[in-house]
Amino acid sequence: MRGEGWSVWWDENLEGGSRFADEIEKELAAARAVIVLWSRAAIISPWVCDEAAVGRNKGCLFPISIENVHPPLGFRQYHSISFNAWRGDARSVEFTALRRAVASALKGERKTSDAKTDRKSFASDKPVIAVFPLTNMSRDDEQAFLADGLAEDIISCLATNRHILVASRAATFAYKGMQYDIAQAANALNARYAVSGSVRKVGARIRVSIEFIDADTSAQIWAHKYDAPLQQLLEMPDAIVEKISGSLGAHMSWAEADRVNRAITTDMNAWEYFQRALGVIERGPSVAAQLSDVFALLEKAIKNDPDYAYAHAFLSWLNYIVIIYGLYEEGELSSRLRAAQHHLEKARERACNDPFCLTWIAASECYSGRYERAGEIIGDVLTRNPCNTYAFYIQSMVFAQQGNFDDAHEAIERARELAPEGGFGLQYCWFKGYIYYVSGEYKQADKYISAHIESHPDYGFSNVLLAIARASYDGGGNVSTPLREALRHSPTLTPEKFRLALDAQPDKNKAAREHDLLKQLWPAVHG
C-alpha cells in the first residue's frame, strides 16, 4: 500500500509509552480507509471487532478474509476480498481488487457500503472469472487427476485472453474438498463470473459437466455436458479443454454485453463501450440500422482510452465492411478509407502482441485485400490460442478469398465446434453461405444465406448476394424480392458500390460475370 503512494499506519507504529487504545482511536479517527484482516484470531477478538466497527460506521471499511474464515456477525453484509491464496504479489487479482477499492474511496467515488455495489464501484474494466476445481464424482484416483487437470488447463487457456482476469489456481483450488456456495466463493475472489463442474463415469465413458454463472445473481449463463472415453480424455485432454474454453469465452462476451446494457449509468469505461458495440455486431438482428450507434460506441471507447488497440482494430474492420458492402453515403468513400487506415495503424502500434487485438487487425487486413498478411497474423493467433473462435471465423474468410475453400470450411466448422452458441455463433450461416458463394456453389449459398437473412433481415449485402446466387443457377427462385429488401434497408446501394465486394473474390472472371448480372437485374428492381 505504501508503494501506491499512500500513508499507512498499523500497530507496528505504536510509540513506546503511548496508551494503546488512545493511539489506535486517534489513527482510526483520522483514517480515510480502514482495512481489517479477518483471521481465526481476529473474528473472536473484541478489540478487532470494535476497530472494524469504526471503519464500518465511517463508511470506509475494507475487509480482507484470510485463513478461510467468514467475518463475524455484524460484518457479513460487507464484501470481503479473499486473500487466502495470496503470496505477496502486488499484481495479483486479490491485491488489485483491494488497491482499486481503496483508490476509489480516496477519490470520493465510494457511494455505499453495500457489498455488491462496492465491488462494482471498483471493478476493473476487465471482468474476473474464477474457475473452481471440478468435482470428482467417484473414488477413482485417475478420475480425480483428470478433474484437476481439466480445471487447471481451462484456467491456462482462458488466461491467454488479456482482456479478462482469471483467478489463480491457488485462489480457486483453496476451495477443493470444501462445501461452499459457488457465487459466494466467486464474490470472495472479486470475480464477476464463475465456472464449476464435475467429472463422472457414465457407462464406459466419462462425462464432464460444466456450468458458467453470473456471480452477482447466481444465474446460470451457460451449461454443457461433454462425453468421451476415459482413455481418450487422458491422452488428448486439449480437445475438450479447447471446446470448454471457446464456449466460455464466447458466452462471456454475450454476458458482458448484457451486463452493460442493463446498467443505468451512461458513463462507461472503454471496455464497457466496446462490449456494447460488440454485442450489437454479434447478436443484433438490425446491425445495418445500428451501425452508426456501433461506431459512436467505439469512438467513445477510444475517447475514454486513446490507446485502446482493441477498439481501434475493430473500428478499422468495420470501416472496411462499410466500404466493401457499399453502406457508405455519397461522397463518404475517401473519409471511410482514411478512417479505416488510421485506426489500423493505431491498432498495429498499440497491439503489444495481444492475440485478441491481432484477430481484428487480421480481419481488417483481410477486408482491405491483404490476404497473405491476414493469414500470417491469424495463423500466429491460433497457434497461441487455439480456442479463439473469432479467429477461426476470420481465418475462414481469409481462406475463402484466397480460393482455399476446403480450408475455409474446415475453419468455420472448427469455430462452430468450439462455440455453437455465443460470440459469433449467430453469424455462422453468413460465413458458411459466403464461402459457398465465393466457391460458386450457388445452391448451397442460397440455403445458408437465406437462413442468415431470417435472423438478420436488414443485411442488404446478404440480400444482394442471395439474388445473384439465385439468378446464377437453374431454378434459383425469386430474385427480385431479396434485391428489393436490399434497397429497402440500404437505399443508397448501387451495383458500382457493390463492385468491391464482388472483385474481392479469387476468381476475377466470376466476379465480372456477377457484376454484369447485377447491373442487368438492378434497373427493373430499382424502378
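Along the sequence shown, the residues carry numbers beginning at 1.
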- Mind checking what makes side-chain hydrogen bond (donor to acceptor under 3.5 Å, both in side chains) contact with Glu421, not counting sequence neighbours? none
- Ser156 (side chain) donor-acceptor with Glu152 (main chain) under 3.5 angstrom: yes
- Query: Is the shortest heavy-atom distance from the side chain of Asp214 to the side chain of Arg259 under 4.5 Å?
  - Reply: no
- Could you walk me through whether Arg350 and Glu345 pass the salt bridge (Lys or Arg N to Asp or Glu O under 4.0 Å) check? CA-CA 9 Å; Arg350 294 159 170 77; Glu345 290 172 0; over 6 Å; no
- Query: Are the charged groups of Glu23 and Lys26 less than 4.0 angstrom apart, N to O?
  - Reply: yes
- Task: Would you check if Phe295 and Asn319 make a side-chain contact, meaning some heavy-atom pair closer than 4.5 Å?
- Result: yes
- Given side chains that start at C-beta, do those of Leu278 and Ser253 come closer than 4.5 Å, heavy atoms only? yes
- How would you list, by chain and number, every residue that makes a ring-ring contact (aromatic ring centres under 6.0 Å, His included) with Trp6, sequence neighbours excluded? none
- Distance-minimising heavy-atom pair for Asn304 and Ala270: OD1-N, 3.5 Å
- Message: Tell me if the CZ atom of Arg373 is crowded by more than 12 foreign heavy atoms within 6.0 Å.
- Response: no
- Side chains of Cys387 and Cys157: does their closest heavy-atom pair fall under 4.5 Å? yes
- Item | Atom of Asn388, atom of Thr359 and distance for their closest heavy-atom approach | ND2-OG1, 3.1 Å
- Basic-acidic side-chain contact under 4.0 Å: Glu376, Arg370: no
- Taking the side chain as every heavy atom from C-beta outward, state whether Ile81 and Phe62 have any pair of such atoms under 4.5 Å apart. no
- Query: For Gln143, what residues pass the side-chain hydrogen bond (donor to acceptor under 3.5 Å, both in side chains) criterion, not counting sequence neighbours?
  - Reply: Asn136, Ser138
- Message: Has Glu67 got a side-chain atom pairing as donor or acceptor with Arg40's backbone, closer than 3.5 angstrom?
- Response: yes
- Does NZ or CZ of Arg169 lie under 6.0 Å from the centre of the six-membered ring of Phe173, at an angle within 45° of the ring axis? yes
- Message: Are there over 12 heavy-atom neighbours, none belonging to Gln220, within less than 6.0 Å of that residue's CD?
- Response: yes
- Message: If you compare all heavy atoms of Ser247 against all heavy atoms of Leu418, which two are closest, and at what distance to 0.1 Å?
- Response: OG-O, 2.8 Å
- Please step through side-chain hydrogen bond (donor to acceptor under 3.5 Å, both in side chains) for the pair Ser316 and Ser364, ending with a clear verdict. CA-CA 6 Å; Ser316 177; Ser364 189; 2.5 Å; yes
- Pair Tyr390-Glu282, side-chain hydrogen bond (donor to acceptor under 3.5 Å, both in side chains): steps then yes or no: CA-CA 11 Å; Tyr390 298 104; Glu282 289 181 336; 2.2 Å; yes
- Start with the C-alpha gap between Arg348 and Glu365, add the side-chain angles, then the distance that decides, and say whether salt bridge (Lys or Arg N to Asp or Glu O under 4.0 Å) holds. CA-CA 11 Å; Arg348 287 169 176 161; Glu365 301 278 16; 2.7 Å; yes
- Message: Among Trp317, Tyr393, Phe274, exactly one meets ring pair (Phe, Tyr, Trp, His ring centres under 6.0 Å) together with Trp360. Which residue is that?
- Response: Trp317
- Query: Charged N to carboxylate O below 4.0 Å: is that the case for Glu256 and Arg192?
  - Reply: yes
- Query: Would a 4.5 Å heavy-atom cut-off, applied to side chains only, mark Ile240 and Leu150 as touching?
  - Reply: yes
- Considering all heavy atoms, the nearest Cys366-Ala374 contact: N-CB, 3.7 Å
- Message: Check whether Thr383 reaches the backbone of Gly379 with its side chain - one donor and one acceptor, N or O, closer than 3.5 Å.
- Response: yes
- Item | Cation over ring face, Arg336 and Tyr328, 6.0 Å, 45° | no
- Message: Looking at Arg283 and Asp258, is there a salt bridge between them, counting it only when a charged N and a carboxylate O are closer than 4.0 Å?
- Response: yes
- Answer yes or no: are there more than 12 heavy-atom neighbours, outside Glu25 itself, under 6.0 Å from its atom CD? no
- For the student: nearest non-hydrogen atoms of Ile129 and Leu158, plus distance: CD1-CD1, 3.9 Å
- Charged N-O contact under 4.0 Å between Lys346 and Asp307: no
- Query: Can you tell which of Trp254, Phe132, Tyr193, Trp222 makes a ring pair (Phe, Tyr, Trp, His ring centres under 6.0 Å) with Phe212?
  - Reply: Tyr193
- Message: Quick check against the 3.5 Å criterion: does Asn385 have a side-chain atom that pairs as donor or acceptor with the backbone of Val381?
- Response: no
- Query: Closest heavy-atom contact between Ala194 and Ile182?
  - Reply: CB-CG1, 3.9 Å
- Item | Heavy-atom donor-acceptor pair, Thr172 side chain to Val131 backbone, under 3.5 Å | yes
- Message: Is the distance between the ring centroids of His312 and Phe314 under 6.0 Å?
- Response: no
- Message: With a 4.5 Å cut-off on side-chain heavy atoms, are Leu291 and Ile321 touching?
- Response: no
- Taking atom CE of Met137 as the centre, report whether more than 12 heavy atoms of other residues, nucleotides or ligands fall under 6.0 Å from it. no
- Query: Within a strict 4.5 Å, meaning less than it, do heavy atoms of the His224 and Ile210 side chains meet?
  - Reply: no
